[in-house]
Amino acid sequence: MKVTEDILYVGVNDHETDLFEGQYKIPNGISYNAYVIMDEKIALMDTVDKKKCDEYLANLDAALAGKTPDYLIVQHVEPDHASSIKAVVDKYPNICIAASAQALKVLPLYFELDLSGAITLKEGSELCLGSHTLTFVSAPMVHWPEVMMTYDMKDKVLFSADGFGKFGALDVEEDWDDEGRRYYFNIVGKFGQQVQAVLKKAAGLEISTICPLHGPVLTDMIPHVLEKYNIWSSYGAESEGVMVAYVTMHGNTGNAARKIAAILEEKGCPHVELTDLARTDSSEALSQAFNYGKVILASPSYNTGVNPIMSDFLHHICIKNYQNRTIGIIENGSWAPSAARTMKGIMAELKDITYIDPVVTIRGALKESDTEALNALADSMLK
């Protein structure tokens, strides 16, 4: 596939892997993107996961048409992009590896490579291929510390490493936003400050095309994607409405969650995202928690604490720097309610969290007498 006249796509789709990074469900697969810049000097832009190495090398042969590449630019050392490097070096022993100083330190952890002739890339350094001159943009912690993005001055193409990517193979049509958001918050979400720094650098470049390492090549969608990344990395609310995230053991807390969702809808809430945490993929639940600015957490008490599924959900949002949110709590406890106290304890270190008081406490089954407290919680959430 041609990205531009001189830039070719040589990546692959993966429909065999069921869990990305061993934890995130990818029902529509994943793409491992790699590119070739054809010029007087030929540059390979990253490789692919070794499980797809043979297919990648076949794509590379077709693109090169008998020519020999001069450079292998390693923007990101994570194995889903770098574990075919040794195969490329074995096939083209004279190829020169170019990467950031940190990347060159990390590569030997995965391969035995002779890096004595490697080029160390720095912020703003340039590499001339002929008519194409590449300049490099440091992007530490987006999402590993060694990441270096690449900008082609001629075609105005930004090779963005793991930035601006999404889940899903390229032979599947799906909305960019949902899988882009799920990808962002689960993979990059903790590092909003670092993403903001990269966005500021990108604002100084004239970009006609973005070539990420996962997901589609971006052209017309660039303003939309940059807007989303600005919202996500500044931890702003993307959608109006309320997420009601609940766990239920015997159906009673679930009844309370459904009741508050119905009340919110009756009161004109723009959207209510009702999420059963036990039956929703954790990466999707986390994505939706960042999608909305207001969240109601409903959980039974459990072993003088909180239900483990709710605890796990809160752990995931905490390690992704959850912030700038309004949270209401519904707890259930027959004899010693402890869920609310435990949930607030888990979230104690989060920044800019506003709790709606008082907590709604359900004792056993949901009763008509609980309706007043649920209405009050809904009113407070909608203010």
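Note that the structure is a prediction, hence the values are computed from the model and not measured.
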Review point. How would you list all residue pairs meeting salt bridge (charged side-chain N to carboxylate O under 4.0 Å, His left out) that involve residues 271-297, not counting sequence neighbours?
Key: Arg182-Asp281, Asp276-Arg279
Point to revise | Neighbour count >12 (heavy atoms, 6.0 Å) for atom CD, Gln193 | key: no
Point to revise | N-O pairing of Arg325 and Asp352 below 4.0 Å | key: no
Review point. Can you tell me if OH on Tyr151 sees more than 12 non-hydrogen neighbours from other groups inside 6.0 Å?
Key: yes
Check your understanding: Around Glu240, counting heavy atoms of other residues, nucleotides and ligands shown, do more than 12 lie under 6.0 Å from its CD?
Key -> no
Review point. Angle class for the Tyr110/Trp144 ring planes (parallel below 30°, perpendicular above 60°, tilted otherwise)?
Key: parallel
**Study point:** Contacts of type ring pair (Phe, Tyr, Trp, His ring centres under 6.0 Å), residue Tyr246, not counting sequence neighbours
**Key:** none
Practice item. For the residue pair His224 and Trp176, categorise the inter-ring angle as parallel (less than 30°), tilted (30 to 60°) or perpendicular (more than 60°). Key: perpendicular
Check your understanding: Does the distance from a Lys or Arg side-chain N to an Asp or Glu carboxylate O, for Asp49 and Lys51, drop under 4.0 Å?
Key -> yes
Review point. Would the number of heavy atoms belonging to other residues, nucleotides or ligands and lying under 6.0 Å from CD of Glu349 be above 12?
Key: no
Check your understanding: Which one of Thr135, Val137, Leu134 satisfies the side chain to side chain contact (heavy atoms under 4.5 Å, CB included) criterion with Thr150?
Key -> Leu134
Exercise for review: Fit a plane to each ring of Tyr24 and Phe167, take the angle between them on a 0 to 90° scale, and name the class: parallel (under 30°), tilted (30 to 60°) or perpendicular (over 60°).
Suggested key: tilted
Exercise for review: For Lys259, look at atom NZ and say whether over 12 heavy atoms of other residues, nucleotides or ligands are found less than 6.0 Å away.
Suggested key: no
Exercise for review: Decide whether a cation-pi geometry holds between Lys344 and Tyr355; the criteria are a distance under 6.0 Å from NZ or CZ to the six-membered ring centre and an angle within 45° of the ring axis.
Suggested key: yes
Review point. Using the ring of each side chain (for Trp, its six-membered ring), is Phe185 parallel, tilted or perpendicular to Phe290, with breaks at 30° and 60°?
Key: parallel
**Study point:** Non-neighbouring partners of Asp61 that pass side-chain contact (heavy atoms from CB on, under 4.5 Å), sequence neighbours left out
**Key:** Lys91, Tyr92
Check your understanding: Is it true that Glu146 and Lys105 have a side-chain N and a carboxylate O under 4.0 angstrom from each other?
Key -> no
Point to revise | Check against side chain to side chain donor-acceptor pair (under 3.5 Å), Asn307 and Ser299 | key: CA-CA 6 Å; Asn307 183 280; Ser299 176; 5.3 Å; no
**Study point:** Non-neighbouring partners of His143 that pass ring pair (Phe, Tyr, Trp, His ring centres under 6.0 Å), sequence neighbours left out
**Key:** His76
Point to revise | Centroid-centroid under 6.0 Å between His214 and Phe20 rings | key: yes
Check your understanding: When the ring planes of Tyr184 and Tyr229 are compared, do they come out parallel, tilted or perpendicular, using 30° and 60° as the limits?
Key -> perpendicular
Check your understanding: With sequence neighbours left out, what residues match Leu170 under side-chain contact (heavy atoms from CB on, under 4.5 Å)?
Key -> Tyr9, Asn13, Ser31, Asn33, Pro216
Practice item. Take Asp14 and Tyr32 through the test side chain to side chain donor-acceptor pair (under 3.5 Å) and record every step on the way to the result. Key: CA-CA 8 Å; Asp14 179 3; Tyr32 309 121; 2.6 Å; yes
Review point. What pairs with Lys50 under side-chain contact (heavy atoms from CB on, under 4.5 Å), at least two apart in sequence or on another chain?
Key: Ser83, Ser84
Practice item. Indicate yes or no: does Glu123 engage Lys201 in a salt bridge with an N to O separation below 4.0 Å. Key: yes
